[in-house]
Asker: 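Would you mind keeping the following structure in view while I ask a few things?
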Amino acid sequence: MVIIMIIPITVPFPKDWGKGDSTHCYLLKRGLTILIDAGLDSGDNRTYIRRTLKEVNGLNIDYILVTHGHLDHFGLAGYLQRETGAEILVHELDAAALKDYTKAISWFDEVYEFAVEGGYEPQELEKIRCKMLIAIEMMHGPDEVKPFKELELDLEGITLRSQNLPGHTPGSVGYTLGESIFSGDVAIEGSTVVGEFRQEMNSLQKLKSFKNIFAGHRKTPLSVADIESLEVHFVNRLEEVLRTVRRGMKLRDIVSSIYGELPEESFIRNIIPIRQTLSYLKYLEEEGYVVKNGPLWIAVKESL
Ligand SMILES: [Zn+2]
């Protein structure tokens, strides 16, 4: 029997990003020491991850494997690279964000355009953008990142492989070890699509061939039954968006009809629902269920 030590390390979100939220990172040890994802960079998190790694492994890391180009997964990678000399590996389609952290929020520009047209105040959106840029300003990018198309690492006879799981981001990958996969944000308990609907559904499908699905947030590991209920959740949300726009609605009204009023305290919790709703609307538009007329999204079919 092959034994691999998997040590979960849960890195909290700084208060501004979302109180109570966190990122699950995983330290693997067998021949090599590998950290999968690194969490958000902040003064407190640097102290926390340094102390935790020191306790379990004396600050030795050979590789930091990043599941995708979002700051809550790679923010600390640059700091840790300097502390440990680890190599940072990421899929080539998400590598730009690690070289220039502002690229990790390039999606914001597109959301901004639709949101202003859809009834949001430019000032409130600028406030969110500002908070994100300030947070990025305090982070410390890596000196070197190695992008890959496909990855295989030998851990004393067992192979760790990358598995492409696009949708959440174009370069989202899982890292597989036998029947286990570290899946980043492809499946988050209770959450829905933020990127490309079709691709996200396909990637969920791929997760179902694994027994242990180690997620990047909330419940982990997930089971195949959890993935199946997420698939249902995704489709239910799609139907809900379609029902909501029946008579024609602006983006802001669609978002508040689905999510209620957005909370003030976290900029991420303010902007993500807009982004998610937009992902669904775009899919519905492409599939001919919805048309967009100026700021109004209007359903042209009753149901899916
Ligand atoms: Zn993500």
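Throughout, numbering of the chain's residues begins at 1 and tracks the sequence. Only heavy atoms go into these numbers, but all of them, side chains included; no hydrogens, no water, no symmetry mates. Start at 1 and go down the list; that is how both ligands and their atoms are numbered.
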Asker: On the ring face of Y175, is R161 found with NZ or CZ under 6.0 Å from the centre and within 45° of the axis?
Answerer: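 Not satisfied by the 6.0 Å and 45° rule.
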
Asker: Report the name of the N/O/S atom of H70 located nearest to the Zn ion (ligand 1).
Answerer: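 Considering only N, O and S atoms, H70 comes nearest to the Zn ion (ligand 1) through ND1.
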
Asker: Could you tell me whether the side chain of L160 reaches within less than 4.5 Å of the side chain of T176, counting heavy atoms only?
Answerer: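 Heavy-atom side-chain distance check fails, nothing below 4.5 Å.
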
Asker: Counting only heavy atoms not in D109, do more than 12 sit closer than 6.0 Å to its CG atom?
Answerer: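 Atom CG in D109 is packed in, count exceeds 12.
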
Asker: D185: which N/O/S atom is nearest the Zn ion (ligand 1)?
Answerer: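 Atom name of the closest N, O or S in D185: OD2.
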
Asker: Has H168 got an N/O/S atom less than 2.8 Å from the Zn ion (ligand 1)?
Answerer: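 Yes - counting backbone and side chain alike, H168 has an N, O or S atom under 2.8 Å.
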
Asker: Hey, are R246 and E302 close enough for a salt bridge, meaning a charged N less than 4.0 Å from a carboxylate O?
Answerer: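 Salt bridge flag = no for E302 with R246.
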
